[in-house]
Enquirer: 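After the structure tokens below, expect a handful of questions from me.
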Amino acid sequence: MSKDKTGDKSARDTHYANLRRAHRDARRERGEIPTPRQDKRGKLPADWKPPALAPDQVLLYGLHTVRAALDNPERHIIRLAVTQNAALRLDLGDPAKLPFPAEIVTPQELDRILGPDAIHQGVMLETRPLPHRKLGALRDCPLILVLDQVTDPHNVGAIMRSAVAFDAGALITTMRHSPTESGVLAKSASGALELIPYIQITNLADTIEELHELGFMTIGLDSEGPQPLEGTFAGDKIALVLGSEGKGLRQKTRQTVKALARLDMPGAIKSLNVSNAAAIAMYAARQHLKG
């Protein structure tokens with residue numbers, strides 16, 4: 001009489017399925033794989049809506065982003081939601097002893113708040129926006145970056161990260177047609193949002209004129225610029241001005257900057273993503289400033 005092994009096999013299958021699921025959840029929490037979408041068409045769940053945020057409320061997520069925010073003394077923190085694993089990776093110690101409310105949650109709870117597309121890595125921080133900075137504070141900065149209606153928060157975040165790498169004094173954008181401080185922007189910046197002033201102004205032409213009064217040489221990057229970028233540098237304070245992803249610099253901006261310049265590219269492709277162009281331009285500016 002043979003022994004029935006069906007029960008043993010079923011138990012083994014369940015055990016291994018649980019192990020696979022736990023491994024998947026851990027990788028998702030670390031940000032190695034995205035949270036799966038709820039249907040095959042790749043749409044958000046029918047009942048999911050992004051949270052309605054007040055003007056003075058920002059939701060940050062991701063390990064690097066949140067760690068940088070926690071380390072920033074100017075960041076006003078409201079509350080922290082974190083998984084047990086992410087709390088260990090952030091080296092938070094006992095969450096109950098933190099100087100702000102902290103709650104241990106599951107990755108699925110964060111998914112319900114942030115949506116399936118957010119790679120939150122098991123942590124979300126609710127904060128106030130960073131304090132507003134004035135242009136006068138940039139008087140002694142040798143290099144700043146100005147964006148003329150660059151709308152994509154991923155591009156702005158990448159530019160912000162490069163700006164910190166090249167020790168730029170600030171990133172200036174317009175209030176309209178530019179991303180506000182947000183989780184997407186901060187995640188793309190990978191902590192850089194906490195390390196550089198992000199100044200949003202109402203009138204770009206007036207701001208450029210104010211930069212002139214502060215002694216900055218303003219240079220607008222344009223693929224049809226009359227001379228190469230390296231030939232336009234002058235003085236010991238540079239403000240690089242870059243335009244939107246599709247339209248480039250607006251006409252008023254072109255008329256206001258002191259010089260228009262191009263990045264010479266010998267290859268078959270003659271244009272770059274704005275974040276790549278910003279990094280190259282800042283490197284060239286730094287070469288001039290240290291010369």
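Residues take their numbers from the sequence shown, with the count starting at 1.
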Enquirer: Heavy atoms, side chains only, cut-off 4.5 Å: are Val58 and Glu126 in contact?
Expert: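 They are not in contact (no side-chain heavy atoms under 4.5 Å apart), so the answer is no.
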Enquirer: Do Phe100 and Arg79 have side chains that get closer than 4.5 Å, going by heavy atoms?
Expert: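 A side-chain contact under 4.5 Å is absent here.
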Enquirer: Please round to the nearest 0.5 Å and tell me the distance separating atom OH of Tyr61 and atom CD1 of Ile113.
Expert: 12.5 Å
Enquirer: Please name the pair of heavy atoms, one in Ala192 and one in Val164, separated by the smallest distance, quoted to 0.1 Å.
Expert: CB-CG2, 3.7 Å
Enquirer: Under the side chain to side chain donor-acceptor pair (under 3.5 Å) test, which residues partner Glu109, sequence neighbours left out?
Expert: Thr106
Enquirer: Group every Ile, Leu, Val, Met, Phe, Trp and Tyr by side-chain heavy-atom contacts under 4.5 Å, then state whether Ile77 and Leu53 land in the same group.
Expert: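 No; Leu53 is not reachable from Ile77 via cluster members.
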Enquirer: Looking at Leu249, is its backbone amide N or carbonyl O close enough to the side chain of Thr253 to form a donor-acceptor pair, meaning the two atoms are under 3.5 Å apart?
Expert: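 Side chain of Thr253 to backbone of Leu249: no pair is present.
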Enquirer: Taking the side chain as every heavy atom from C-beta outward, state whether Val123 and Leu80 have any atom pair closer than 4.5 Å.
Expert: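 They are in contact (side-chain heavy atoms under 4.5 Å apart), so the answer is yes.
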Enquirer: Under the side chain to side chain donor-acceptor pair (under 3.5 Å) rule, what pairs show up with a residue in residues 258-269, not counting sequence neighbours?
Expert: Arg262-Asp264
Enquirer: Using only atom types and a distance under 3.5 Å, with no angle test, would you say the side chain of Arg250 pairs donor to acceptor with the backbone of Asp148?
Expert: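 Not a single qualifying donor-acceptor pair exists.
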Enquirer: Can you tell me how far apart CZ (Arg128) and NE2 (His76) are? Round to the nearest 0.5 Å.
Expert: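 Interatomic distance, Arg128 CZ to His76 NE2, rounded to 0.5 Å: 5.5 Å.
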Enquirer: May I ask whether Val105 and Ile119 are part of the same hydrophobic cluster, defined by side-chain heavy atoms of I, L, V, M, F, W, Y residues being less than 4.5 angstrom apart, directly or through others?
Expert: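 Val105 and Ile119: separate clusters.
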Enquirer: Considering non-hydrogen atoms only, spot the tightest contact between Ile196 and Ala163 and give its length.
Expert: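 Nearest pair, atom of Ile196 first, then Ala163: CD1-CB, 3.6 Å.
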Enquirer: Would you say Ile144 and Leu211 make side-chain contact, with heavy atoms under 4.5 Å?
Expert: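 Counting from C-beta outward, Ile144 and Leu211 do come under 4.5 Å.
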Enquirer: Considering all heavy atoms of both residues, which atom of Leu98 and which atom of Leu92 are nearest to each other, and what is their separation?
Expert: CD2-O, 3.9 Å
Enquirer: Looking at Thr65 and Ala186, would you say the former's side chain and the latter's main chain have a donor-acceptor pair under 3.5 Å?
Expert: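 Such a contact is found between Thr65 side chain and Ala186 backbone.
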Enquirer: Measure the spacing between CG of Leu221 and CG of Leu242 and express it to the nearest 0.5 Å.
Expert: 5.0 Å
Enquirer: Other hydrophobic cluster members with Ile269, side-chain heavy atoms of Ile/Leu/Val/Met/Phe/Trp/Tyr under 4.5 Å, chained?
Expert: none
Enquirer: Would the number of heavy atoms belonging to other residues, nucleotides or ligands and lying under 6.0 Å from NE2 of His288 be above 12?
Expert: yes
Enquirer: Which residues pass the side chain to side chain donor-acceptor pair (under 3.5 Å) test with Arg139, not counting sequence neighbours?
Expert: none
Enquirer: Applying side chain to side chain donor-acceptor pair (under 3.5 Å) as the test, list every pair that has at least one member in residues 207-218; sequence neighbours left out.
Expert: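 Listed once each, the pairs are Glu209-His212, His212-Thr218.
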Enquirer: If you count the non-hydrogen atoms of other residues, nucleotides and ligands that lie under 6.0 Å from CG in Asp56, is the total more than 12?
Expert: yes
Enquirer: Does any N or O in the side chain of Arg133 come within less than 3.5 Å of the main-chain N or O of Ala170, such that one atom is a donor and the other an acceptor?
Expert: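 Not a single qualifying donor-acceptor pair exists.
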Enquirer: Measuring from atom CG of Leu110 to atom OG1 of Thr83, what distance do you get when rounded to the nearest 0.5 angstrom?
Expert: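 One finds 7.0 Å between CG of Leu110 and OG1 of Thr83.
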Enquirer: Working to the nearest 0.5 Å, report the span between CG of Leu204 and OG1 of Thr173.
Expert: 9.5 Å
Enquirer: Run the salt bridge (charged side-chain N to carboxylate O under 4.0 Å, His left out) test against Asp71 and tell me which residues pass, sequence neighbours left out.
Expert: Arg67
Enquirer: Tell me if a side-chain donor or acceptor on Gln200 pairs with a main-chain N or O of Pro179 at a distance below 3.5 Å.
Expert: yes
Enquirer: Where do His132 and Ile199 land on the side-chain contact (heavy atoms from CB on, under 4.5 Å) test, with the steps shown first?
Expert: CA-CA 7 Å; His132 180 70; Ile199 303 175; 4.2 Å; yes
Enquirer: What's the shortest heavy-atom distance between Glu194 and Asn72, and which atoms?
Expert: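 Closest pair (atom of Glu194, atom of Asn72, distance): OE1-ND2, 2.8 Å.
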Enquirer: Dump the intermediate steps for side-chain contact (heavy atoms from CB on, under 4.5 Å) on Met124 and Leu60, then the final yes or no.
Expert: CA-CA 6 Å; Met124 181 189 76; Leu60 304 178; over 6 Å; no
Enquirer: Going by heavy atoms in the side chains, are Ile238 and Phe216 under 4.5 Å from each other?
Expert: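 Answer no - side chains too far apart.
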Enquirer: Check Pro153 against Val184 and note the closest heavy-atom contact, atom names and distance.
Expert: CG-CG1, 3.8 Å
Enquirer: Let me have the donor-acceptor pairs involving side chains of residues 223-235, under 3.5 Å, with sequence neighbours excluded, atom names and distances please.
Expert:
unit_1	atom_1	unit_2	atom_2	d
Thr232	OG1	Leu229	O	2.7

Enquirer: Taking Gln121 for the side chain and Leu63 for the main chain, is one N or O donor matched with an acceptor at less than 3.5 Å?
Expert: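 Side chain of Gln121 to backbone of Leu63, a donor-acceptor pair under 3.5 Å: yes, one is there.
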Enquirer: Show me the donor-acceptor pairs, under 3.5 Å and distance only, between side chains in residues 154-161 and residues at least two apart or in other chains.
Expert:
unit_1	atom_1	unit_2	atom_2	d
His154	ND1	Asp152	OD1	3.1
Asn155	OD1	Asn273	ND2	3.2
Asn155	ND2	Glu245	OE2	3.2

Enquirer: Can you give me the closest heavy-atom contact between Pro197 and Gly169, atom names plus distance?
Expert: CD-O, 3.2 Å
Enquirer: Does the side chain of Ile78 reach to within under 4.5 Å of the side chain of Thr127, using non-hydrogen atoms?
Expert: no
Enquirer: Hey, what else clusters with Met175 if you join Ile, Leu, Val, Met, Phe, Trp, Tyr whenever side-chain heavy atoms sit under 4.5 Å?
Expert: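 Grouped by the 4.5 Å side-chain rule, Met175 forms a cluster of one, so the answer is none.
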Enquirer: Determine whether a donor-acceptor pair (N or O, by modelled atom type, separation under 3.5 Å) exists between the side chain of Glu181 and the backbone of Leu130.
Expert: yes
Enquirer: Treat each ILVMFWY residue as a node, draw an edge where side-chain heavy atoms are under 4.5 Å apart, and state whether Ile208 and Ile172 are in one component.
Expert: yes
Enquirer: Give the intermediate values and the outcome of side-chain hydrogen bond (donor to acceptor under 3.5 Å, both in side chains) for residues Asp111 and His120.
Expert: CA-CA 8 Å; Asp111 290 345; His120 50 68; 2.7 Å; yes
Enquirer: Going through the checks in order, is the side-chain contact (heavy atoms from CB on, under 4.5 Å) test met by Met217 and Ile219?
Expert: CA-CA 6 Å; Met217 173 67 183; Ile219 304 170; 4.1 Å; yes
Enquirer: Applying side chain to side chain donor-acceptor pair (under 3.5 Å), name anything that partners Ser190, two or more places apart in sequence or on another chain.
Expert: none
Enquirer: Please, which pairs that meet ring pair (Phe, Tyr, Trp, His ring centres under 6.0 Å) have at least one residue in residues 239-274, sequence neighbours excluded?
Expert: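 Qualifying pairs, neighbours excluded: none.
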Enquirer: Can you find a heavy atom in the side chain of Pro95 that is under 4.5 Å from one in the side chain of Ile104?
Expert: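 In short, these two side chains touch, coming nearer than 4.5 Å.
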Enquirer: Do Leu143 and Arg286 pass the side-chain contact (heavy atoms from CB on, under 4.5 Å) test, and can you show the C-alpha distance, the side-chain angles, and the key distance before you say yes or no?
Expert: CA-CA 8 Å; Leu143 176 64; Arg286 276 293 169 196; 3.8 Å; yes
Enquirer: Would the number of heavy atoms belonging to other residues, nucleotides or ligands and lying under 6.0 Å from OH of Tyr283 be above 12?
Expert: no
Enquirer: According to a hydrophobic-cluster definition based on side-chain heavy atoms being under 4.5 Å apart (Ile, Leu, Val, Met, Phe, Trp, Tyr only), do Leu195 and Leu90 belong together?
Expert: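 Hydrophobic grouping puts Leu195 apart from Leu90.
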Enquirer: Would a 4.5 Å heavy-atom cut-off, applied to side chains only, mark Leu70 and Leu125 as touching?
Expert: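 They are in side-chain contact.
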Enquirer: Could you pull out all residues at least two apart from Gln255 that satisfy side chain to side chain donor-acceptor pair (under 3.5 Å)?
Expert: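 Once residues adjacent in sequence are excluded, Gln255 has no partner under the side chain to side chain donor-acceptor pair (under 3.5 Å) criterion.
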Enquirer: Applying the 4.5 Å side-chain criterion to the ILVMFWY set and letting contacts propagate, would Val274 and Met282 be lumped into a single cluster?
Expert: yes
Enquirer: Rounded at 0.5 Å granularity, tell me how far CZ in Arg176 sits from CD1 in Ile201.
Expert: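 One gets 12.0 Å once the value is rounded to the nearest 0.5 Å.
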